Amino acid sequence: MEQERTAAAIAARERWGENPRAFVRTYGCQQNVADGEKIKGLLMEMGFGFTESAEEADFILFNTCAVREHAEDRVFGNVGALKNQKRRRPEVMIAVCGCMTEQSHVADRLKQSFPFVDIVFGTGAIHRLPGLMLEVLTQSKRAFLRGCQDEAQLEGLPIRRDGTSRAWVTAMVGCDNFCSYCIVPYVRGRERSREPGAILDECRGLIEAGYKEITLLGQNVNSYGKGLAGGVDFAGLLRELDKIPGDYRIRFMTSHPKDASEELFQVMAESEHIPHHIHLPFQSGNDRVLTEMNRRYTREKYLSLIKTARRLMPDITFTSDVIVGFPGETYEEFQDTLSLVREVEFSNLFTFIYSPRVGTKAASMPDPVSHEEKTKWFAELLRVQEEIAAKNCRALVGTKQRVLVESVNEKNGLLQGRTLGSLVVDFSGSPELVGEFAWVEVTEAKGWTLKGTEIKGGT
Ligand code: SAH
Ligand code: SF4
Ligand code: F3S
């Protein structure tokens with residue numbers, strides 16, 4: 001592998017000179033963002049610098065998402081737009097990777113209709129990128145590699161992180177749940193967990209380097225540890241991580257309600273570093289729809305989890321994912337989703353209209369409700385959630401919040417920070433605070449965003 005990487009770096013210099021530049025665009029979830037950081041790590045090791053302009057790049061890569069049709073359409077549009085560039089500058093190399101490429105109909109389409117794409121590789125083949133580039137550079141042919149899920153990429157890849165205060169750390173990859181609407185288990189393979197020691201070392205290193213927030217990633221972090229020796233589970237992993245000394249936060253996503261345990265909430269309640277906030281997707285508030293979705297919990301079970309969490313952490317906030325218009329869902333069933341949203345009062349919701357995915361069970365279910373009708377239900381859900389979010393935000397006016405300052409808003413020059421509950425607060429302050437914690441008094445709630453003023457010297 002080392003030899004392959006070195007040879008690829010030499011071949012890259014021969015083709016593109018001393019300062020080759022790469023354009024890397026990632027779509028989709030944080031898992032993909034984390035993969036993108038590994039891809040950039042490998043490219044950096046090969047001597048690449050990075051550019052935000054595909055026009056200027058020698059190497060162009062799209063790291064794709066397959067979760068909904070809209071995401072796929074954007075990728076085909078953007079990749080298609082590179083055809084002329086490749087004609088003008090044939091030395092440019094174009095690669096497509098990520099979840100879309102693990103679907104055979106997509107890989108076939110890329111092969112046949114996008115001849116200017118040089119490399120296509122799947123979600124388990126990131127570590128092979130330098131080798132694939134070497135093949136293209138030295139043998140003048142296209143390279144395709146999919147369906148490879150070996151362990152090599154779980155550890156030891158260089159990472160070029162996008163942020164300096166927030167970092168993504170992979171806890172596990174893959175998904176075994178096969179929710180009937182979802183493509184992820186098909187494109188990400190089976191669940192595999194990293195060894196706890198490797199995760200602890202990575203987190204320790206990040207905290208020592210000054211990172212203030214670590215988000216542990218997995219499609220279903222609550223099943224972390226399955227298949228590892230030593231009987232470690234996710235709650236146990238969190239307990240160990242929380243012992244690392246320092247001023248930092250640990251978040252995690254995503255939790256599946258079927259595996260979220262009282263033990264997990266207990267660890268959160270007792271921890272020093274885990275915010276009292278959990279992203280717990282419920283998808284639907286109706287039991288028949290949940291069964292059809294193969295979610296393996298009921299509305300009652302979900303609500304009882306919320307109750308347990310609130311008993312242990314009265315200040316806990318929840319965010320969630322919801323699908324509107326699952327095949328066969330009726331308007332009455334959709335009302336159960338609305339009532340659950342009203343009952344729980346999520347601080348934020350990620351809402352999606354059902355999108356059929358080739359090869360999933362739901363894609364072959366009768367789906368009689370029109371897209372137009374689903375769009376109306378969707379708007380109804382958004383209205384309900386906006387009211388709740390606005391109410392939650394109003395309730396915070398006058399409170400003091402410890403925020404992690406993430407950026408300066410280019411438009412108004414205000415700092416933007418995130419509360420423990422993951423809400424965004426805009427406030428005026430010195431740009432030097434970016435990447436640091438600050439205390440802010442919330443002075444105003446505008447819709448579902450917060451404004452505040454810095455409390456200097458606050459503790
Ligand atoms: N592993 C996570 C979510 C992964 S995908 C979990 O189980 O919660 C992120 C979200 O996209 C899902 O929670 C779901 O709400 C949505 N989603 C997945 N497949 C979808 C589809 N076919 N159509 C619409 N939304 C979908
Ligand atoms: Fe998809 Fe369900 Fe797995 Fe989440 S748990 S990635 S929704 S199959
Ligand atoms: Fe998309 Fe793949 Fe994530 S399908 S949501 S990028 S796991």
Side-chain angles (χ1 to χ4, degrees), residues 25-37 39 62-75 96-103 106 122-124 126 149 168 170-191 216-224 226 252-260 278-285 289-290 292-297 302 318-327 329 337 341 346 348-365 367 371 374-375 377-378 381:
R25 165 66 46 88
T26 291
Y27 301 82
C29 65
Q30 272 73 22
Q31 298 268 1
N32 243 25
V33 173
D35 286 351
E37 292 184 337
I39 289 166
F62 288 98
N63 181 21
T64 64
C65 169
V67 82
R68 284 169 292 275
E69 196 176 348
H70 177 68
E72 296 200 338
D73 289 346
R74 271 169 53 209
V75 168
V96 181
C97 68
C99 295
M100 271 174 76
T101 68
E102 291 287 0
Q103 304 173 97
V106 173
T123 53
I126 291 173
Q149 295 289 352
W168 315 110
T170 304
M172 56 165 315
V173 297
C175 180
D176 290 353
N177 290 321
F178 291 92
C179 302
S180 63
Y181 51 81
C182 186
I183 195 73
V184 172
Y186 302 91
V187 295
R188 287 269 167 184
R190 298 291 63 74
E191 290 178 0
L216 298 170
L217 299 178
Q219 290 301 341
N220 177 14
V221 283
N222 300 117
S223 61
Y224 171 80
K226 231 168 49 184
F252 52 89
M253 63 193 296
T254 300
S255 294
H256 194 303
K258 84 176 162 57
D259 301 310
I278 187 166
H279 183 66
L280 198 59
F282 73 94
Q283 314 295 0
S284 162
V289 176
L290 284 172
E292 290 295 304
M293 286 178 161
N294 192 31
R295 288 292 285 180
R296 287 177 275 176
Y297 54 84
Y302 186 85
F318 301 95
T319 51
S320 197
D321 295 350
V322 194
I323 296 177
V324 173
F326 181 80
E329 183 179 40
T337 289
V341 167
F346 298 98
N348 199 0
L349 269 189
F350 298 86
T351 48
F352 309 102
I353 293 184
Y354 169 74
S355 170
R357 308 283 65 212
V358 174
T360 60
K361 191 158 172 240
S364 57
M365 294 178 183
D367 190 1
H371 191 75
K374 291 180 185 183
T375 309
W377 302 0
F378 188 72
L381 171 64

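Note: hydrogens, waters and symmetry copies are ignored here, and every other heavy atom, side chains too, is used. In listed order, ligands and their atoms are each counted from 1. Quantities reported herein were computed from a predicted structural model and do not represent experimental measurements.
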Can you tell which part of V67 has a heavy atom less than 4.0 Å from ligand 1: side chain, backbone, both or neither?
both
Mark up the atoms of ligand 3 that fall under 4.0 Å of a heavy atom belonging to C29, in ascending order.
3 (Fe), 5 (S), 6 (S), 7 (S)
Taking atom types as modelled and ignoring hydrogens, do the side chains of T170 and Q31 form a donor-acceptor contact shorter than 3.5 angstrom?
no
Is a side-chain donor-acceptor pair under 3.5 Å present for N348 with H279?
no
Relative to ligand 1, is R295 under 4.0 angstrom through side chain, backbone, both or neither, heavy atoms considered?
side chain
C65 heavy atoms within 4.0 Å reach ligand 3 at atoms 1 (Fe), 4 (S), 5 (S), 6 (S)
Do other residues, nucleotides or ligands put more than 12 heavy atoms under 6.0 Å from the NZ atom of K374?
yes
Looking only at protein heavy atoms, which one is nearest to atom 2 (Fe) of ligand 3, and what is the separation?
C99 SG, 2.2 Å
shortest atom 5 (S) of ligand 2-to-protein heavy-atom contact is with N177 ND2, 3.3 Å
Minimum-distance protein heavy atom relative to atom 4 (S) of ligand 3:
A66 N, 3.2 Å
Is the closest side-chain donor-acceptor distance between N32 and T26 under 3.5 Å?
no
At what distance is the nearest protein heavy atom to atom 1 (Fe) of ligand 2, and which residue and atom is it?
C182 SG, 2.3 Å
E292 to S180 - nearest heavy-atom pair and separation:
O-OG, 2.7 Å
Could you tell me the residue and atom name of the protein heavy atom closest to atom 7 (S) of ligand 2, and the distance to it rounded to 0.1 Å?
Y181 OH, 3.4 Å
for atom 3 (Fe) of ligand 2, nearest protein heavy atom and its distance come out as C175 SG, 2.2 Å
Under 4.0 Å from a heavy atom of V67: which atoms of ligand 3 are those, numbered in the order shown and with their elements?
1 (Fe), 4 (S), 5 (S)
Side chain or backbone, does N220 bring an N or O within less than 3.5 Å of an N or O on ligand 1?
no
Can you say whether the rings of F346 and Y302 are parallel (under 30°), tilted (30 to 60°) or perpendicular (over 60°)?
tilted
Who's closest to atom 22 (N) of ligand 1 heavy-atom-wise, of P281, S355, S255?
S355
Sub-4.0 Å heavy-atom contact, Q31 with ligand 3
no
Contact between I353 and ligand 1, counting heavy atoms under 4.0 Å?
yes
Option of least heavy-atom distance to atom 2 (Fe) of ligand 2 (set: P281, C179, P185)
C179
Around atom 6 (C) of ligand 1, find the nearest protein heavy atom and jot down its residue, atom name and distance.
T254 CG2, 3.8 Å
Please find the pair of heavy atoms, one from A362 and one from F326, that lie closest to each other, and give the distance.
CB-CE1, 3.8 Å
Using a 4.0 Å heavy-atom cut-off, which part of V184 comes near ligand 1: side chain, backbone, both, or neither?
neither
Please round to the nearest 0.5 Å and tell me the distance separating atom CZ of F318 and atom OG of S255.
11.0 Å
Going by salt bridge (charged side-chain N to carboxylate O under 4.0 Å, His left out), D176 matches just one of K258, R190, R296. Which one?
R190
Atoms in ligand 3 flagged as close to N32, the criterion being non-hydrogen separation under 4.0 Å:
6 (S)
Under 4.0 angstrom from ligand 3, any heavy atom of Q219?
yes
Check for me whether R68 meets the cation-pi criterion with F352, that is, NZ or CZ under 6.0 Å from the six-membered ring centre and within 45 degrees of the ring axis.
yes
Please name the pair of heavy atoms, one in N220 and one in M172, separated by the smallest distance, quoted to 0.1 Å.
O-SD, 3.1 Å
Identity and separation of the nearest protein heavy atom to atom 19 (N) of ligand 1:
Y181 CD1, 3.3 Å
Looking only at distances, please establish whether an N/O atom of ligand 1 is found under 3.5 Å from an N/O atom of R357.
no
Residue F178 vicinity, atoms of ligand 2 by number, heavy atom under 4.0 Å:
8 (S)
Geometric N/O contact H256 with ligand 1, under 3.5 angstrom
no
To the nearest 0.5 Å, what is the distance between CZ on R188 and SG on C99?
4.0 Å
Shortest non-hydrogen contact from F252 to V221?
CD1-CG2, 4.0 Å
Is ligand 2 less than 4.0 angstrom away from at least one heavy atom of R295?
yes
For H256, atoms of ligand 2 separated by under 4.0 Å from a heavy atom
5 (S)
Looking only at distances, please establish whether an N/O atom of ligand 1 is found under 3.5 Å from an N/O atom of Q219.
yes
Side chains of E72 and Q103: do they bring a donor and an acceptor to under 3.5 Å?
yes
Answer yes or no: is there a side-chain heavy-atom contact under 4.5 Å between I39 and C97?
yes
What pair of heavy atoms forms the shortest contact from P185 to C175, and how long is it?
CB-O, 3.5 Å
